[in-house]
Each structure stands twice: as C-alpha cells, then as structure tokens.
Amino acid sequence: MKWKAKVIVHLKEGLNDPEGRVIGKALKNLGYKIEELKVPKYFELVFESEDPEKDVEEMCKRLLANPVIHTYEYEIEPLGE
C-alpha cells in the first residue's frame with residue numbers, strides 16, 4: 001500500500017539555530033518585531049510499506065534526524081494501493 005508521510009525535524013531546545021538567527025535578524029532589520037525564529041526541516045515522503053509507522057520511525061532515526069540534537073514529529077496518511 002502507498003502512504004504519504006509529513007515529517008518535521010526540529011533542533012532540541014537550547015541548541016543554536018544559526019539559520020533561524022540570521023533570518024530573524026534580517027526580519028528585525030526590515031522593521032518586524034521578531035523575538036525568536038527557528039527553522040525546522042520539513043519532508044514529504046510517498047512510499048510503499050506494510051508497516052508505515054515502523055518505516056517512518058526508522059527513516060527518522062537513521063537519516064532524517066540526529067537523535068542527539070533533533071526532535072521530530074510526523075503524520076502518515078494512506079494513498080491507496
């Protein structure tokens with residue numbers, strides 16, 4: 001069966017987000033009152049699987065996220081046969 005997964009990977013609290021800091025500073029320079037900006041990674045996957053939850057969890061742990069510095073969340077929805 002085919003599935004679609006949406007995965008969001010965040011840096012853990014307290015870790016430096018240099019990309020977020022640069023973008024936040026640029027927005028401040030444009031006059032916006034930004035207190036904090038974080039840049040997560042977003043992935044959309046279409047795949048075939050008999051056990052999609054297990055496979056997405058493995059993908060996150062093995063490649064999409066580094067468990068030392070990242071947290072992640074995902075949603076999975078069926079696409080059909």
Side-chain angles (χ1 to χ4, degrees):
M1 184 164 176
K2 284 190 180 182
W3 302 88
K4 182 176 185 176
K6 298 175 183 178
V7 180
I8 301 174
V9 178
H10 302 273
L11 283 170
K12 287 186 176 179
E13 269 311 306
L15 292 179
N16 186 21
D17 184 351
E19 187 176 7
R21 195 173 60 246
V22 168
I23 295 169
K25 185 176 179 181
L27 288 170
K28 283 181 184 179
N29 289 340
L30 292 171
Y32 297 100
K33 296 178 181 178
I34 303 297
E35 289 186 26
E36 182 179 21
L37 189 140
K38 296 182 181 184
V39 180
K41 295 177 188 173
Y42 176 74
F43 303 93
E44 283 190 14
L45 311 159
V46 175
F47 61 102
E48 291 187 28
S49 177
E50 297 298 318
D51 190 351
E53 185 87 22
K54 175 182 169 273
D55 288 344
V56 171
E57 191 69 32
E58 280 183 10
M59 287 183 230
C60 290
K61 288 180 180 177
R62 295 181 72 190
L63 182 66
L64 301 179
N66 176 343
V68 174
I69 62 170
H70 294 126
T71 59
Y72 57 88
E73 57 191 271
Y74 54 84
E75 296 176 7
I76 303 171
E77 62 184 66
L79 291 179
E81 295 294 324

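Because the structure is a prediction, the values reported are computed rather than measured. Along the sequence shown, the residues carry numbers beginning at 1.
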Could you walk me through whether L45 and K4 pass the side-chain contact (heavy atoms from CB on, under 4.5 Å) test, one step at a time? CA-CA 6 Å; L45 311 159; K4 182 176 185 176; over 6 Å; no
As an exercise, state the distance from [atom1] of [X] to [atom2] of [Y], rounded to the nearest 0.5 Å.
X: K28; Y: I23; atom1: NZ; atom2: CD1; answer: 13.5 Å
X: K54; Y: S49; atom1: NZ; atom2: OG; answer: 7.5 Å
X: F47; Y: M59; atom1: CZ; atom2: CE; answer: 4.5 Å
X: K12; Y: T71; atom1: NZ; atom2: OG1; answer: 7.5 Å
X: I8; Y: L64; atom1: CD1; atom2: CG; answer: 12.5 Å
X: L63; Y: F43; atom1: CG; atom2: CZ; answer: 7.5 Å

Can you confirm whether [X] is buried at [atom1], in the sense that more than 12 heavy atoms of other residues, nucleotides or ligands lie under 6.0 Å from that atom?
X: Y32; atom1: OH; answer: no
X: E50; atom1: CD; answer: no
X: E75; atom1: CD; answer: no

Exactly one of K2, M1, E48 should register a side chain to side chain contact (heavy atoms under 4.5 Å, CB included) with L79. Which one does? K2
Using the rule given for side-chain contact (heavy atoms from CB on, under 4.5 Å), can you reason through V39 versus L37, listing the C-alpha separation, both sets of side-chain angles and the distance that settles it, and then say yes or no? CA-CA 7 Å; V39 180; L37 189 140; 3.8 Å; yes
Below 4.5 Å, heavy atoms only, C-beta onward: do K41 and Y72 meet side chain to side chain? no
Heavy-atom nearest pair, V9 first then A65, reads CG1-CB, 3.9 Å
Specify the closest pair of heavy atoms between V7 and C60, including all atoms of both residues, with the distance to one decimal. CG1-SG, 3.7 Å
Kindly determine whether W3 and E53 satisfy side-chain contact (heavy atoms from CB on, under 4.5 Å), including the steps that lead there. CA-CA 10 Å; W3 302 88; E53 185 87 22; over 6 Å; no
When you group the ILVMFWY residues by side-chain heavy-atom contacts below 4.5 Å and let the links chain together, are Y42 and Y74 in the same group? no
